[in-house]
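The structure presented is a predicted model; accordingly, all values stated were derived computationally and were not measured.
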Amino acid sequence: SHLKKLHDATKIPLVLHSGSGISKEDVLEAIKNGITKINVSTELRQVYEKSLKEKPDDIQYAQNTLAKRIEEIICDYYGIKNSIEKLAGI
């Protein structure tokens, strides 16, 4: 894959910009080939904005809704769990 060639040649972490809407399979394949950061700000912004429309006077609701969606994306969608423990060697 092109990503693997880039990663092998540069030996630096690669970033996937505009990751919102890319299939799970493609993202997981990209991770295998050197992607270490995925930007999904469009999806997160939309969740936050929708929450603010639902409850315009409740910032905490919007923040909690966003935090829940972030957890779902990381843990459930991408299957990345216990990453802190893995990084710390726990």
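- Atom CG of residue Leu16 and atom OG1 of residue Thr36 lie 10.5 Å apart, to the nearest 0.5 angstrom.
- Atoms NZ and CD, on Lys68 and Glu71 in that order, are 9.0 Å from each other to the nearest 0.5 Å.
- Every pair passing salt bridge (charged side-chain N to carboxylate O under 4.0 Å, His left out) that includes a residue from residues 32-43 is listed here, sequence neighbours excluded: Glu43-Arg69.
- Under the 4.5 Å side-chain criterion, counting only non-hydrogen atoms from C-beta, Leu44 is in contact with Ile73.
- In the hydrophobic clustering of ILVMFWY residues, with side-chain heavy atoms under 4.5 Å counting as a link, Ile22 and Ile31 come out together.
- Between His7 and Lys4, every side-chain heavy-atom pair lies at or beyond the 4.5 Å cut-off.
- Residues passing the side-chain contact (heavy atoms from CB on, under 4.5 Å) test with Leu3, sequence neighbours excluded: Ser1, Leu14, Ala30, Asn33, Ile35.
- The same ILVMFWY cluster, assembled from side-chain heavy atoms under 4.5 Å apart, contains both Leu6 and Ile38.
- Identified under the salt bridge (charged side-chain N to carboxylate O under 4.0 Å, His left out) test for residues 46-58, with sequence neighbours left out: Arg45-Glu49.
- Residues Ser51 and Ala62 approach most closely at CB-CA, 3.6 Å, considering heavy atoms.
- The line from CD of Gln46 to CG of Leu66 is 12.0 Å long, rounded to the nearest 0.5 Å.
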